[in-house]
Engineer: 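Sharing a structure here in structure tokens format.
Chain letters run A, B, ... following the sequence lines, proteins first, then strands; residues in each count from 1. As the structure is a prediction and not an experimental result, all values here were calculated from the model. Values below: all heavy atoms of this structure, side chains included; hydrogens, waters and symmetry mates excluded.
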Amino acid sequence: MGVDIGDILEKRQVGFDDLAHRIVAIDGYNTLYQFLSIIRQRDGTPLKDSKDNITSHLSGILYRMANLFEAGIKPVFVFDGKPPDFKADTISQRKKSRAEARTKWDEAKEKGLSEEAYKYAQASSKVDARIVEDSMQLLDFMGIPCVQAPSEGEAQAAYMVNKGDADYSASQDYDSLLFGAPRVVRNLTITGKRKLPGKNVYIDVEPESIDLMQNIKLLDIDRQQLIGIALCVGTDYNKGLEKVGPKTALKLIKQHGSIHKVLEHRGEAIDELDAKIDFFLNPPVTDAYELKWKSPQKEKIVDFLCKQHDFSEERVLKAVDRLEKAGKQRSQQTLDQWF
DNA sequence: CCCTGTCA
DNA sequence: TGACAGGGG
């Protein structure tokens with residue numbers, strides 16, 4: 001999932017408050033997947049309403065957005081459109097992995113292996129159409145704008161930051177850097193703890209920002225070469241070279257100058273290489289969006305979350321209160337009308 | 001993930 | 001007040 005180039009990138013720790021007054025274009029798919037895989041009970045079961053609908057993502061959205069609002073951050077969600085044809089292999093691979101994880105989850109449960117069970121439960125998470133639909137519904141009631149990308153959400157987010165409509169692209173993946181996002185923020189959470197994948201160990205995680213130009217300069221490469229490194233390591237559109245991680249990829253690209261030369265030297269090939277490079281450089285994006293934050297519709301949120309999905313009214317009202325207060329406070333302080 | 005209650 | 005356990009839906 002995503003491109004693994006984090007090890008060669010310079011990151012800057014940012015406090016949650018450093019992002020005050022900033023517009024953050026959130027990768028919807030990435031965030032929802034994160035919520036689905038992490039918001040679970042000890043045994044691995046996701047949160048569900050009485051009709052057996054998964055609700056982990058709704059919980060994640062409600063509380064995380066309340067926290068962002070309180071920090072003065074303006075979120076906008078960006079959702080994926082039609083993936084490029086050359087993503088088909090990755091998509092079917094993910095489907096296969098999910099199916100395998102589902103069986104292994106059941107097996108581990110039967111054997112009483114709780115840690116294994118949890119791991120496979122997470123891996124079986126799927127962001128399906130219903131998850132996306134009711135996320136958009138909740139976000140709309142909360143007054144948070146959503147953008148429908150023509151293709152990859154990370155590409156659309158990158159475009160919006162370049163255009164100046166947003167300040168950061170937010171995702172756990174580094175892909176939007178490949179699409180040219182000047183600034184990416186990761187770990188957009190308040191709780192400074194995260195579970196290590198697989199193990200039952202928690203580590204501290206702080207939000208961090210990555211500056212594209214700074215990294216390009218530091219690595220002494222250009223953007224095409226960064227894309228070349230990504231293609232060496234493997235992206236959603238290609239498998240990557242055998243036993244080549246980010247550090248080796250950097251060395252290879254610097255040594256040979258371009259991905260084409262690296263492949264030529266190794267006698268290997270990547271299908272539709274030029275089309276893929278061009279997709280990173282000139283992805284389909286749209287200007288058809290409006291960024292407008294509206295005051296939360298309390299009754300609709302309560303109806304949706306409490307009546308339809310069995311959330312506690314006390315908790316939801318408290319969260320909506322936080323949304324309203326934060327918005328009003330900002331509007332007074334900065335003249336920059338939120339609502 | 002995030003919230004809430006408890007305990008020192 | 002901050003760490004921790006437990007539950008959320």
Engineer: Think A:Lys51 has a side-chain N or O under 4.0 angstrom from the OP1 or OP2 of C:dG9?
Structural biologist: no

Engineer: Using whole Å, report how far CD1 of A:Ile38 lies from P of B:dC3.
Structural biologist: 15 Å

Engineer: Donor-acceptor pair, A:Lys11 side chain versus A:Gly6 backbone, under 3.5 Å?
Structural biologist: yes

Engineer: Mind calculating the distance between CD1 (A:Ile54) and C1' (C:dG9) to the nearest angstrom?
Structural biologist: 11 Å

Engineer: Between B:dC1 and A:Arg64, is there an OP1 or OP2 to side-chain N/O distance shorter than 4.0 Å?
Structural biologist: no

Engineer: Among C:dG9, B:dT4, B:dC2, find the nucleotide with the atom closest to the side chain of A:Tyr63.
Structural biologist: B:dC2

Engineer: Nearest-Å distance, CG (A:Leu68) to C1' (B:dC1)?
Structural biologist: 12 Å

Engineer: Hey, does A:Phe311 reach any base, or is it just sugar-phosphate, or nothing, if we go heavy atoms under 4.0 Å?
Structural biologist: sugar-phosphate

Engineer: Whole angstrom is fine here: how far is it from CG in A:Leu47 over to P in B:dC3?
Structural biologist: 14 Å

Engineer: NA contact type, A:Ser312, heavy-atom cut-off 4.0 Å: base, sugar-phosphate, or nothing?
Structural biologist: sugar-phosphate

Engineer: Would one find a side-chain N or O of A:Asn67 under 4.0 angstrom from OP1 or OP2 of B:dC3?
Structural biologist: yes

Engineer: Can you check whether A:Thr235's main-chain N or O pairs, donor with acceptor, with A:Asn238's side chain at less than 3.5 Å?
Structural biologist: yes

Engineer: Tell me: CD of A:Glu70 to P of B:dC2, nearest whole Å?
Structural biologist: 12 Å

Engineer: By the 4.0 Å heavy-atom rule, please label A:Ser59 as base, sugar-phosphate, or nothing.
Structural biologist: base

Engineer: Answer yes or no: are there more than 12 heavy-atom neighbours, outside A:Glu110 itself, under 6.0 Å from its atom CD?
Structural biologist: no

Engineer: When the distance from CG of A:Leu58 to C1' of C:dG9 is rounded to whole Å, what number comes out?
Structural biologist: 10 Å

Engineer: Between the base of C:dG9 and the side chain of A:Gln41, is there a donor and acceptor pair under 3.5 angstrom?
Structural biologist: yes

Engineer: Could you state the CZ-C1' distance from A:Phe304 to C:dG9, rounded to the nearest angstrom?
Structural biologist: 13 Å

Engineer: Take atom CD1 of A:Ile61 and atom P of B:dC2, then tell me their distance rounded to the nearest Å.
Structural biologist: 13 Å

Engineer: In this structure, is the centre-to-centre distance between the rings of A:Phe86 and A:Phe279 below 6.0 Å?
Structural biologist: yes

Engineer: Testing the 3.5 Å rule here: is there a donor-acceptor pair between the side chains of A:Asp134 and A:His57?
Structural biologist: yes

Engineer: Between C:dG7 and A:Arg42, counting only base atoms on the nucleotide and side-chain atoms on the residue, is there a donor-acceptor pair under 3.5 Å?
Structural biologist: yes

